[in-house]
Visitor: 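Quick one: this structure, given as structure tokens, is what I'll be asking you about.
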Number of protein chains: 2
Amino acid sequence: MVTQKRRRPTIHDVAAASGVSRGTVSRFLNGGHNVSPGAAKAIQKAVKDTGYVVNQHARSLVTSRSHSVAFILAEPQERLFEDPNFNVLLHGATRALAEHDIMLLLTIAGNIDDRKRVSRYITSGHVDGALLVSSHSGDPLIEELRGQDIPVVTIGRPLGHEGDVPYVVSDDREGARQMTRYLMDRGGRKIATITGALDTSGGVDRLQGFREVAGHGAPVAEGDYTLAGGRAAMERLLAAHPDLDAVFVASDLMASGALIALRESGRRVPEDVAVGGFDDSPVAMSTAPKLTTMRQPWTQLSRELVRLLLAVIDGAEPSAIMLPTQLVVRDSA
Amino acid sequence: MVTQKRRRPTIHDVAAASGVSRGTVSRFLNGGHNVSPGAAKAIQKAVKDTGYVVNQHARSLVTSRSHSVAFILAEPQERLFEDPNFNVLLHGATRALAEHDIMLLLTIAGNIDDRKRVSRYITSGHVDGALLVSSHSGDPLIEELRGQDIPVVTIGRPLGHEGDVPYVVSDDREGARQMTRYLMDRGGRKIATITGALDTSGGVDRLQGFREVAGHGAPVAEGDYTLAGGRAAMERLLAAHPDLDAVFVASDLMASGALIALRESGRRVPEDVAVGGFDDSPVAMSTAPKLTTMRQPWTQLSRELVRLLLAVIDGAEPSAIMLPTQLVVRDSA
DNA sequence: CTGAAAGCGCTTACAG
DNA sequence: CTGAAAGCGCTTACAG
């Protein structure tokens, strides 16, 4: 039996079924202003009877709004799953957007091809704006989006675009200073740091904060925000400076890797080496020992991210928001 | 300085700039059939000069195609990140769709509100179809989508909809039989199982396969596909049957939880208790000992998932695909 | 409160 | 190979 693919009902069918004009149906659908109770009732019934659902393309064509927003993860896909920070951010943004009845679409732009597809998808009007997560400096995505006047806001300073693209960040530099000071105050005499990726603002700012307190001679190992990277960096640090007694690691995930390296080298944490992380991400609670870290205000960050994006969509000028971090003392330092 | 929000160039502007009609421009944009080399060159230049990008809403309005597909995760968001299977599936589907130049949008339908938003988003035509992942029986989402004739294919048998919604699955029952047999053959005399969520096909089919081999009297503890659930189930099993020497756990993630419970009870794996998992998910390699498990053919599954969906979008009748699993022997049994 | 009409930006037969 | 024209399904002033 061939089931005839039935045509979807349109606003025209609803108008016919309810005995009013298409304009009136449309008005009813869009808030019900200027439609009499009688008409409203008839339309409501007709919608139900016909099974009408708006055609979003038609609507968007005239309103130029899609009521959806992209969450662009400009990272290899593995990172999305490895780093709980993204999860937290995604969750926060979804919640904040839901309040405005806006749909959040996760889009992964891991490699060149993905980036192109994502860029095309977004510039051709599918979404009203984009949240760009984890933008490395020199990322062409941001240029492309800007070039097409797509509202975009980034989490973290968009290096090289601080003036023209709005963003929200934690006060990375001050956070790093505070943690470094804490580690030194509790007795650290020989302190080092493991940095984040140095083409991101979190990477450079946390390193700068560290140096401002620990001095420019303090040992530095470059990390990349992954667990494996943190572990490798810790091994290098230990090889070069066996007498280390404190280390500030620029992310909790890397710190969990550093903890492994430390354990394997036979050192106790915090007795032999104190470890301070950054993020207060979910991993901080699952390491042994639990991580002392700088809390990023995730909920607030995602709220502000969304608020800013909506403002920009509504035509506001780009602006930036910086939020303070907070020391959370647990067991690793 | 107020920057005038400039109007985006339309096909009309390109036509004007290149001296041909809009129809010709459109033909060029859609494959270039029936347009002379001269016209093509002029249009190409005009596109570049004007910075033209197609308006997807307008295009979709007439073609009724959006060239995007939703990946609906009908689970609490945490699960996306906890269970690596989703990651693998998402990755595979993204890749397979990319070959057809179709964009995959991840959408999380964790709670009632999310479901409503997702359902509305999808039924209003934003996407051409949907991949429904982890459908629990009784999930209204599937009804809604079907009601609006949205092409949807599920991974796992959609309990209660086997006839009308296409799906792809591994041969869960045979896989479970094989693993159970393996565990018994290598010496298991007192064997038990930890099931998946019993409102999913994986849950019921693997349990059935287990029973067919181990008998209906063998101990069963109900799990829910989470690590914590697997651990708790193992604890219950151990309390009730301290003499267990083998357990078939219906997912690797749960098995990793079971391993924890086993270790805490002082039992050695596999010497005291042999553990067989299911999935061959990435966790299987990171447990200690590494998991012996049934491999689900993830790459093939996602390829078939995509192939089926595209077929259904093109009007094919619903059908089902079942793929075999494979025993992978490692250290836990 | 309501309807007729224009218009959003495209694609696609159709006639040439 | 090309252009004129109809139409996709909506919203939104506008006039009543």
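Here is how names work: the chains are called A, B, and so on, in the same order as the sequence lines, proteins then strands, and each is numbered from 1.
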Visitor: Counting only Watson-Crick pairs (N1-N3 plus N6-O4 or O6-N4) and G-U wobbles (N1-O2, O6-N3), all under 3.5 Å, who is the partner of D:dA4?
Guide: none
Visitor: Considering every strand shown, what is the Watson-Crick or G-U wobble mate of D:dA13 when both distances are under 3.5 Å?
Guide: none
Visitor: Calculate, to the nearest 0.5 Å, the distance between atoms CG and CZ belonging to A:Asp13 and A:Arg8 respectively.
Guide: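 Separation between the atoms: 11.5 Å.
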Visitor: Between OH of A:Tyr121 and CE of B:Met103, what distance do you get to the nearest 0.5 Å?
Guide: 6.5 Å
Visitor: For DNA chain C, note the earliest and the latest nucleotide, 5' to 3', having some atom under 4.0 Å of a heavy atom belonging to chain A.
Guide: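 Nucleotide range in contact with chain A: C:dC1 to C:dG9.
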Visitor: Using a heavy-atom cut-off of under 4.0 Å over every strand shown, decide if A:Asn34 touches base, sugar-phosphate, or nothing.
Guide: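 Base: the residue A:Asn34, judged by heavy atoms under 4.0 Å, touches a nucleobase.
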Visitor: Mapping A:Pro37 and B:His57 to their closest nucleotides on DNA chain C, which lands nearer the 5' end?
Guide: A:Pro37
Visitor: Heavy-atom nearest nucleotide on DNA chain D for A:Pro9 versus B:Val35: which residue maps closer to 5'?
Guide: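 The answer here is B:Val35.
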Visitor: Look at the side chain of B:Ser18 and the backbone N and O of B:Ile43, then say whether any donor-acceptor pair between them is shorter than 3.5 Å.
Guide: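 No: the side chain of B:Ser18 does not pair with the backbone of B:Ile43.
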Visitor: Measure the CZ-CD distance between A:Phe28 and A:Gln44 for me, rounded to the nearest 0.5 Å.
Guide: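 The distance works out to 4.5 Å.
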Visitor: Specify the residues of residues 20-27 of chain B, ordered by number, for which at least one heavy atom lies under 4.0 angstrom from an atom of DNA chain D.
Guide: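 The stretch gives B:Val20, B:Ser21, B:Thr24, B:Arg27 as the residues lying under 4.0 Å from the strand, ordered by number.
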Visitor: Would you say B:His12 has more than 12 foreign heavy atoms packed within less than 6.0 Å of its NE2?
Guide: no
Visitor: Reckon A:Tyr52 touches a base, only the sugar-phosphate, or nothing at all at heavy-atom distances under 4.0 Å?
Guide: sugar-phosphate
Visitor: Under 4.0 Å between a Lys/Arg side-chain N and an Asp/Glu carboxylate O for B:Arg307 and B:Glu304?
Guide: yes
Visitor: Using heavy-atom distances to pick each residue's nearest nucleotide on DNA chain D, tell me which of B:Ala40 and B:Val62 is more 5'.
Guide: B:Ala40
Visitor: Enter the distance from A:His126:NE2 to B:His126:NE2 here, rounded to the nearest 0.5 Å.
Guide: 8.0 Å
Visitor: A:Arg115 side chain to A:Ala109 main-chain N or O, any donor-acceptor pair under 3.5 Å?
Guide: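 It does hold such a pair.
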